[in-house]
Amino acid sequence: MSGLRAVVVNGSPSRPSKTMGLVDVILDTLGGLVPVEASRIDVYRLGLGGIIERPDAPPEVEAALRRAEEADLLIAATPVFRGSYPGMFKQFFDLVDQYALVDKPVLLAATGGGEHHALVLEHALRPLFGFFQALTLPVAIFASSGDFDGTVLLNPRVHGRIEIAVTSAVRFLPALAVQEAK
């Protein structure tokens, strides 16, 4: 294994985005602790409209679903719209096998217009992954629009939160990946 397979499911409807700016810092920080093989699933590029059941998914959607299901660490990153994640983010997870994420470490990350949107982490994302019986990591990360210059994360407080979250997350990662870092 060349490194920890970290898969980002990006719920942002555009590129570039503040959400991916946040994820870039998360991945860089994680890469400083353990070898990481990162990949990203941009749900807006998958064209999920009209796909209700997994057997109807075209090969590129099936490949993305499998990548998420087989990740060592799933990073669920999404912007907040009207108090929750976007529908296309949820539609992607509607297609994930109900038991594929059992005990899988999931790092939650979100961006929003202001601090009041931070509750999406606890009141929308944790319950979603609770359904899958995933291991949502204890420290989640939120950044508001004012924490960025364009898509570059500037706020040292958020950088500190990322350090805490990633350092904590390493304890939950597969033993093999952590041993390779030694």
Side-chain angles (χ1 to χ4, degrees), residues 1-24 26-27 30 34-112 117 119-142 165-166 169 172-177:
M1 183 164 140
S2 62
L4 175 80
R5 289 172 301 153
V7 175
V8 176
V9 176
N10 171 26
S12 181
S14 62
R15 183 174 180 189
S17 71
K18 289 175 177 57
T19 302
M20 282 313 301
L22 176 62
V23 168
D24 289 343
I26 293 169
L27 289 173
L30 182 62
V34 295
V36 178
E37 181 184 312
S39 65
R40 180 171 92 196
I41 299 166
D42 295 313
V43 294
Y44 77 95
R45 292 178 182 234
L46 293 177
L48 297 174
I51 303 171
I52 296 172
E53 295 185 10
R54 185 137 175 189
D56 300 329
E60 61 274 6
V61 173
E62 179 62 32
L65 291 165
R66 287 202 183 280
R67 240 184 325 143
E69 293 169 347
E70 295 169 1
D72 298 321
L73 171 67
L74 190 62
I75 300 173
T78 184
V80 179
F81 294 108
R82 300 187 183 230
S84 191
Y85 42 75
M88 64 184 164
F89 181 82
K90 174 66 165 62
Q91 188 175 3
F92 178 82
F93 286 102
D94 284 346
L95 298 172
V96 168
D97 181 86
Q98 180 177 351
Y99 301 106
L101 303 182
V102 172
D103 293 333
K104 183 169 304 296
V106 179
L107 179 62
L108 304 176
T111 56
H117 286 122
L119 289 173
V120 74
L121 295 165
E122 302 305 322
H123 295 283
L125 288 173
R126 280 198 202 278
L128 173 63
F129 291 100
F131 167 80
F132 288 107
Q133 302 171 58
L135 176 64
T136 54
L137 297 172
V139 181
I141 305 160
F142 179 83
V166 169
F172 296 96
L173 300 176
L176 178 59

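Along the sequence shown, residues carry numbers from 1. Since this is a predicted model, take the numbers as computed values, not measurements.
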So which heavy atom on L73 is nearest to which on L107, and how close? CD1-N, 4.2 Å
Report the C-alpha separation of L4 and L30 in whole Å, then their side-chain angles, then the decisive distance to 0.1 Å, and conclude whether the side chain to side chain contact (heavy atoms under 4.5 Å, CB included) test is met. CA-CA 10 Å; L4 175 80; L30 182 62; 3.9 Å; yes
Got a sec: does the CG of D56 have more than 12 other heavy atoms crowding it under 6.0 Å? yes
Qualifying residue, where the test is side-chain contact (heavy atoms from CB on, under 4.5 Å) with P79 and the options are T111, V120, L22: T111
On a heavy-atom basis, the closest approach of L137 and R126 is O-NH1, 3.0 Å
Atom of A134, atom of V106 and distance for their closest heavy-atom approach: CB-CG2, 3.8 Å
Sort out for me which residue in L46, V61, I51 forms a side-chain contact (heavy atoms from CB on, under 4.5 Å) with F92. L46
From R45 CZ over to R15 CZ, what is the distance, rounded to the nearest 0.5 angstrom? 5.5 Å
Measure the CG-CG distance between L108 and L121 for me, rounded to the nearest 0.5 Å. 6.0 Å
What pair of heavy atoms forms the shortest contact from F132 to L128, and how long is it? CD1-O, 3.4 Å
Between the main-chain N or O of Y44 and the side-chain N or O of D42, is there a donor-acceptor pair closer than 3.5 Å? no
To the nearest 0.5 Å, what is the distance between OG1 (T136) and CD (E122)? 8.0 Å
Rounded distance [0.5 Å steps], CD in Q91 versus CG in L48: 5.0 Å
Only one of E70, E62, E69 forms a side-chain hydrogen bond (donor to acceptor under 3.5 Å, both in side chains) with R66, so which one is it? E62
OG1 of T78 to CG of N10, rounded to nearest 0.5 Å, is 7.5 Å
Quick check: closest heavy atoms across L95 and R54, and the distance to 0.1 Å? O-CD, 3.1 Å
With sequence neighbours left out, the residues meeting ring-ring contact (aromatic ring centres under 6.0 Å, His included) with Y85 are F89
Between the CG atom in L65 and the CG atom in D94, the distance rounded to the nearest 0.5 Å is 10.5 Å
List the atom of V23, the atom of A77, and the distance in Å for their closest heavy-atom pair. CG2-CB, 3.3 Å
